[in-house]
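Everything on this sheet refers to the single structure shown next.
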Amino acid sequence: MEERTYVEAARREKRAALEAAGVPAFAYRYDRSHSVAGARALYRDDMEDQGPVVALAGRIASLRSQGKTAFLDLEDGSAKIQLYLRRDELGEHYQILDHLDLDDHIGVTGRLFRTKRGELSVRPSEVTLLAKSLRPLPRGKTQSSEGGAVTFGGLADAEVRYRQRYADLAVHPEVREVFRQRARAVTWIRRFLDEREFLEVETPILQPLYGGAAARPFVTHHNALDMPLYLRIADELYLKRLLVGGLERVYEIGHDFRNEGMDRTHNPEFTMLELYQAYADYSDMMALTEALLAGVIEHVLGSRTLERSGLSLDFTPPFRRVSFIDGIRERCGLDLRTASEEEMRGVLIELGEPADAVRAMGGAKLQDEVFKVVLEPQLVQPTFVLDYPKPLSPLAKEHRSDPALTERFELFVGGRELANAFSELNDPDDQRRRFEDQVRQRAAGNEEAHAFDADYIRALEYGMPPAGGMGLGIDRLMMVIADQPSIRDVILYPAMRPEEG
RNA sequence: GCGCCGCUAGCUCAAUUGGCAGAGCAAGUGACUCUUAAUCACUAGGUUGUAGGUUCGAUUCCUACGCGGCGCACCA
């Protein structure tokens, strides 16, 4: 499949030499006494060269051979530590050293001590090869200096980083840390919801009828049933059916799939949290969202205030609130409840939007565009945008004080949408009319309009309790928490074209 | 889908108006018992993303294609 390089050939020769001498290149196990970080924590300066004996395992991250001694850096999942190998102390074990390479996994047992230069190190009495690395990692060299660490070489190509995430992770501890943060965040969110008596559930990913969002789906085919199935674009409609069934608080954390463009904030599959709470409305959802976000950020980062590209984002509740209608009216004078399409187009063109694109828009799309251009870029601090026009929100309940609006909010941070919530529409007759409107839009060419979901209407007819629901994009949350510019940096295996065209 | 940029040794990058494709690190051999970008000497390592074209001669200029990055479009 790929030609072997001279570097790899050299490693394979060493493997052969080791095996010829009866040393297995790929061992079965090694009894570690500590992680590297754990071992480092054991040592105190008054121990001098009589530190405790530890058994460690990890990769060779650096190798400085010096004739009858050698210094290696051993790196495991937790940290690095220097090894000091001496021919006169290792006997036969020293032979292995001639056939070790950077990136090999080894196990060592020895005493902790500090070198003359002050580096905490292990002085092994035994070295065991655990797994040979036959292909060199794209490792950089780092030199620590006053100005911080400088790296020479290394893995810089973003394409290789995403395609070979294993190599990216192996050489970049900071990338490993991003995904540890992600796991900590998701675990904390589950605990937060579990404590509030939310039930974690799983709903279908393969669906005969997709809905719950405006998006184009992936289509697949079930052979035995000989029918098309869609990968879900949202969990919403299945979760709300559970409220009808008496599961009063439910949530799901899982992948949604949208067959759309990819960029630094969109991956075709992404992780969503959706939750629904019976007998609550969108005001309750706002309070819940504030508590959840402030809590998870504080848990992962230790602070509710983040410094991000020179400005500080403060997640201390309550978040700012701005009304969709008022916010736009204050910025450009348009009242979207009464403005004509021509007025909206005029404002957009005046603000520099391409005229032909604007003329092609109408209805809900046009309102949405006005919001995106006029208001969205202003929403840097965590901000709830409240009360969206009805045509934009076919699953949200009509506003209790304005029939042109819905009780809905979206949360924006850094100009990007992070969460979306509403008082859930539970009047089956109203929902039926909204679906019918969607069907008309679909017939008029809007590929993203909802299909008519008769089973969902039937469920609502049994009586769904009033409820608040909220969806939170986990990937985008992680971009904020881990301070990563691209969604690909918070997804282990982002979507890529195949390597061979 | 459109535009711009990138693709050269295992890795990171050079290469004058088109004129023998180079360096650092990694690798191999040798020296070296406290190094940490270890050091020193020597050696090897390339179908310059792919396919065409122009030219005496192409990493360089042209066309197409592939993959990627960024921007736009698309996308609650």
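Note on naming: letters A, B, ... go to the chains in the order of the sequence lines (proteins, then strands), and numbering restarts at 1 for each one. This one's a predicted model, so the numbers in the text were calculated from it and none came from an experiment.
The minimum heavy-atom distance linking A79(A) with R40(A) is given by the pair CB-CD, 4.3 Å. Here the shortest heavy-atom pairing between P403(A) and K390(A) reads O-NZ, 3.4 Å.
Among R408(A), R434(A), E407(A), the one residue that satisfies the side-chain hydrogen bond (donor to acceptor under 3.5 Å, both in side chains) test with S393(A) is R408(A).
When the C1' atom is compared between rA37(B) and rG24(B), the two are found 10 Å apart, to the nearest whole Å. Nucleotides rU29(B) and rG69(B) place their P atoms 39 Å apart, quoted to the nearest Å. Going from the P atom of rU60(B) to that of rG18(B) covers 11 Å, rounded to whole Å. Going from the C1' atom of rA9(B) to that of rG45(B) covers 6 Å, rounded to whole Å. Using P as the reference atom, rU8(B) and rG68(B) are 15 Å apart when rounded to the nearest Å. To the nearest whole angstrom, the two P atoms, one in rU54(B) and one in rU63(B), are 15 Å apart. Rounded to a whole angstrom, the distance from the C1' atom of rU43(B) to that of rU47(B) is 24 Å. The separation of rA64(B) from rC25(B), taken at their C1' atoms, amounts to 37 Å, rounded to a whole angstrom.
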Strand RNA chain B in bracket notation, Watson-Crick/G-U under 3.5 Å with | for pairs to another chain: (((((((..((((.....[..)))).(((((.......))))).....(((((..]....))))))))))))....
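The residue among R497(A) and R11(A) whose nearest nucleotide of RNA chain B lies closer to the 5′ end is R11(A).
Here the two rings, on F371(A) and F412(A), have centers that are under 6.0 Å apart. In this structure, F71(A) has its ring center under 6.0 Å from that of Y84(A).
Within the 4.0 angstrom heavy-atom criterion, no nucleotide atom of any strand lies near R216(A). Within the 4.0 angstrom heavy-atom criterion, no nucleotide atom of any strand lies near D368(A).
The closest donor-acceptor contact from the side chain of R165(A) to the backbone of L492(A) lies under 3.5 Å.
Atom CG of L74(A) is separated from atom C1' of rU36(B) by 15 Å (rounded to the nearest Å). Atom-to-atom, CD of E8(A) to P of rG28(B) comes out at 13 Å; the value is rounded to the nearest Å.
In terms of the salt bridge (Lys or Arg N to Asp or Glu O under 4.0 Å) criterion, E369(A) has no residue partners (sequence neighbours excluded).
Contact check on E48(A) versus R114(A) returns no salt bridge, with no Lys/Arg side-chain nitrogen under 4.0 Å from an Asp/Glu carboxylate oxygen. Remark: D103(A) does not engage R135(A) in a salt bridge, criterion side-chain N to carboxylate O under 4.0 Å.
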Can you list the steps and then say if Y230(A) with L209(A) is a side-chain contact (heavy atoms from CB on, under 4.5 Å)? CA-CA 7 Å; Y230(A) 303 94; L209(A) 204 60; 5.5 Å; no
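Interface remark: the Y6(A) side chain does not form any donor-acceptor pair with the rG28(B) base, using a distance-only criterion of under 3.5 Å.
The side chain of R488(A) contributes an N or O atom lying less than 4.0 Å from OP1 or OP2 of rG69(B). Contact check, K80(A) against rU36(B): no side-chain N or O comes under 4.0 Å of OP1 or OP2. Listed pair R139(A) / rA26(B) fails the phosphate criterion, with no side-chain N or O lying under 4.0 Å from OP1 or OP2. For the OP1/OP2 pair of rA26(B) and a distance below 4.0 Å, the side-chain nitrogens and oxygens of R135(A) include no atom meeting the criterion.
Nearest nucleotide to the side chain of A10(A), out of rG10(B), rG28(B), rG68(B): rG28(B). Candidate nucleotides rC67(B), rC70(B), rG69(B) were compared by shortest atom distance to the side chain of E159(A), and rC67(B) ranks first. You'll find that the side chain of K14(A) is closest to rA27(B), out of rC74(B), rC67(B), rA27(B).
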Might you list the N or O atoms of the protein lying below 3.5 Å from N or O atoms in nucleotides 31-35 of chain B, with each pair's distance?
unit_1  : atom_1 : unit_2  : atom_2 : d
rC32(B) : N3     : G67(A)  : N      : 3.2
rC32(B) : N4     : G67(A)  : N      : 3.1
rU33(B) : O2     : R86(A)  : NH1    : 2.8
rU33(B) : O2     : R86(A)  : NH2    : 2.9
rU33(B) : N3     : R86(A)  : NH2    : 3.4
rC34(B) : O2     : K116(A) : N      : 2.9
rU35(B) : OP2    : R117(A) : NE     : 2.6
rU35(B) : OP2    : R117(A) : NH2    : 2.3
rU35(B) : O4'    : Q66(A)  : OE1    : 3.1
rU35(B) : O2     : R64(A)  : NE     : 3.1
rU35(B) : O2     : R64(A)  : NH2    : 3.0
rU35(B) : O2     : Q82(A)  : OE1    : 3.1
rU35(B) : N3     : Q82(A)  : OE1    : 2.8
rU35(B) : N3     : Q82(A)  : NE2    : 2.9
rU35(B) : O4     : Q82(A)  : NE2    : 2.9
rU35(B) : O4     : T115(A) : OG1    : 2.7

